[in-house]
Amino acid sequence: MKRIIITVTLIMTTLIAGAQNNDKNRDWAKFSRYAEDNAAVTVAPKVVFMGDSITEFWVNLDPDFFTSNNFIGRGISGQTSQHMLSRFQQDVIELHPQVVVISAGTNDVAQNNGSILHENIVSQIKSMVELARFNGITPVVASVTPCNRFFWMPEARPAQDIIALNKLIKAYTESAGVIYVDYHSEMMEPDGSLPQNYSTDGCHPVLEGYKKMETIVLPCIQKALELR
């Protein structure tokens, strides 16, 4: 019996140590996601779009919007504002864009990295804004796009949380003199969702949704460029 206990203990110790090592070796902020792409950039982009899956899928669904305008997308699915702040140096500053469009908050509301107060989400966005300005990049901050359900968390009803968060983001941008991109109010249904022609899962835009977003963000980018 003693030998069995010792064997089980050794197995459990090995499993725990392996799990700990895997966690230590995990690329938490996904610095590796765009490392090769960043190294291949030879001409500074006009704009970098920093975001989550909504930004990442945008590049996939309408790549011409980015290539024809000398824009670069640096969205990573599932990321929170904390992830984005961690990789902001590598995926924005070191690319030397004129403007950065920061789109964060959806996955914070979904608690992908744990529970977080709305005020602390805004603090992460504020830090990205300040980093951009310090490095001569004009920041533009976007609202969280409408969403009334998360397919990966079907019990959640995030619409009102997103509305509350957007109020804080907008108030911050007004106080800090930052251009605000209001996707939310121009795309929201009365229940806080995206219209069905803009999304099939209630949260992520389809191509028509992205085309609408482009009409909203382009004047804001132009304004930011004129202010430089």
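We use all heavy atoms of the structure for the numbers below, so side chains are in, but hydrogens, waters and symmetry mates are not.
Within the 4.5 Å cutoff, the side chain of Pro97 has no heavy atoms near those of the Val47 side chain. Proximity of Phe88 to Met50: side-chain heavy atoms (C-beta onward) are separated by under 4.5 Å at one or more points. Contact of the Val181 side chain with the Val140 side chain is registered, since non-hydrogen atoms from C-beta on lie closer than 4.5 Å. Put simply, the side chain of Ile163 reaches to within 4.5 Å of the side chain of Met188, judged on heavy atoms. Contact of the Val144 side chain with the Val109 side chain is not registered, since no non-hydrogen atoms from C-beta on lie closer than 4.5 Å. Residues Val92 and Ile137 form a side-chain contact, since some pair of their non-hydrogen atoms from C-beta on lies under 4.5 Å apart. Looking only at side-chain heavy atoms (C-beta outward), Trp28 and Gln82 come within less than 4.5 Å of each other. Considering only heavy atoms from C-beta on, Ile221 comes within 4.5 Å of Leu225 through its side chain.
In terms of modelled atom types and a separation under 3.5 Å, the side chain of Thr173 and the main chain of Lys170 share a donor-acceptor contact. In this structure, the side chain of Thr67 engages the main chain of Pro63 through a donor-acceptor pair within 3.5 Å. Side-chain N or O atoms of Asn148 include none that pairs as donor or acceptor with a backbone N or O of Ala159 at under 3.5 Å. The backbone N or O of Ser123 lies less than 3.5 Å from a partner atom in the side chain of Ser127, making a donor-acceptor pair. Counting only distance, with no hydrogens or angles, the side chain of Asp62 and the backbone of Trp58 share no donor-acceptor pair below 3.5 Å. Panel note: side chain Arg74, backbone Gln90; no donor-acceptor pair is recorded below 3.5 Å. At distances below 3.5 Å, not a single donor-acceptor pair connects side-chain atoms of Thr138 with backbone N or O atoms of Val99. Here the side chain of Thr145 pairs no donor or acceptor atom with the backbone of His184 at under 3.5 angstrom.
Remark: Arg87 fails to qualify as a cation-pi partner of Phe31 under the 6.0 Å distance and 45° angle criteria applied to the six-membered ring.
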Could you walk me through whether Met187 and Lys212 pass the side-chain contact (heavy atoms from CB on, under 4.5 Å) check?
CA-CA 8 Å; Met187 300 177 72; Lys212 176 63 175 178; 3.9 Å; yes

Apply the test side-chain contact (heavy atoms from CB on, under 4.5 Å) to residues Ile162 and Leu165: give CA-CA distance (whole Å), side-chain angles for both, the deciding distance (0.1 Å), then the verdict.
CA-CA 5 Å; Ile162 288 173; Leu165 174 58; 5.6 Å; no

Kindly indicate, with the supporting measurements, whether the criterion side-chain hydrogen bond (donor to acceptor under 3.5 Å, both in side chains) is fulfilled by Asp27 and Ser32.
CA-CA 7 Å; Asp27 183 6; Ser32 60; 2.8 Å; yes

In sequence, state the C-alpha distance, the side-chain angles, and the governing distance for Arg133 and Val178, and then conclude on side-chain contact (heavy atoms from CB on, under 4.5 Å).
CA-CA 10 Å; Arg133 283 178 160 171; Val178 177; 3.5 Å; yes

Take Phe49 and Ile72 through the test side-chain contact (heavy atoms from CB on, under 4.5 Å) and record every step on the way to the result.
CA-CA 6 Å; Phe49 284 69; Ile72 283 181; over 6 Å; no

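Using the six-membered ring where Trp is involved, Phe57 and His204 have ring planes that are tilted, between 30° and 60° apart.
Neither Phe65 nor Val48 shares a network with the other; the hydrophobic side chains, linked directly or stepwise wherever heavy atoms of I, L, V, M, F, W or Y lie under 4.5 Å apart, form separate groups for each. A single hydrophobic cluster is seen to contain both Tyr210 and Val101, as judged by linkage of ILVMFWY side chains at heavy-atom distances under 4.5 Å, directly or through other members. No path of Ile, Leu, Val, Met, Phe, Trp and Tyr side chains, each step under 4.5 Å between heavy atoms, connects Ile102 with Phe71, placing them in separate hydrophobic clusters. Note on Leu85: it clusters hydrophobically with Ile116, by side-chain heavy-atom contacts below 4.5 Å among ILVMFWY residues. Put simply, Ile54 and Ile216 are part of the same group of oily side chains (I, L, V, M, F, W, Y) that touch within less than 4.5 Å, one to the next.
Of the N and O atoms on the side chains of Asp52 and Gln79, not one donor lies less than 3.5 Å from an acceptor on the other residue. For the residue pair Asp108/Ser81, the side-chain donor-acceptor check at 3.5 Å is satisfied. Judged by distance alone, the side chains of His83 and Ser86 never bring a donor and an acceptor atom under 3.5 Å apart.
Among all heavy-atom pairs drawn from Cys147 and Pro158, the shortest one is O-CG, 3.6 Å. Here the closest non-hydrogen pair linking His96 and Ala44 is O-CB, 3.4 Å. Across all their heavy atoms, Ala142 and Tyr180 have their closest contact at C-CE1, 4.3 Å. Summarising the geometry of Met213 relative to Pro205, their closest heavy-atom pair is SD-CG, 3.8 Å, with the distance given to 0.1 Å. Here the shortest heavy-atom pairing between Tyr183 and Ser103 reads CE1-OG, 4.4 Å. Closest approach of Pro219 to Glu214, counting heavy atoms only: CD-O, 4.5 Å.
Distance check: Asn107 CG to Ser53 OG gives 6.0 Å after rounding to the nearest 0.5 Å. Distance check: Glu130 CD to Asn135 CG gives 12.0 Å after rounding to the nearest 0.5 Å. Taking CG of Asn60 as the reference point, atom OG1 of Thr55 lies at 11.0 Å (rounded to 0.5 Å). Asp201 CG to Phe150 CZ: the interatomic distance, rounded to the nearest 0.5 Å, is 10.5 Å. With rounding to the nearest 0.5 Å, the separation of CG in Leu207 from CG in Leu61 is 6.0 Å. Rounded to the nearest 0.5 angstrom, Asp161 CG and Asn166 CG are separated by 11.0 Å.
When the shell of 6.0 Å around CD of Gln196 is examined, it contains 12 or fewer heavy atoms from other residues, nucleotides or ligands. The 12-atom threshold is exceeded at CD of Glu119, counting heavy atoms of other residues, nucleotides or ligands nearer than 6.0 Å.
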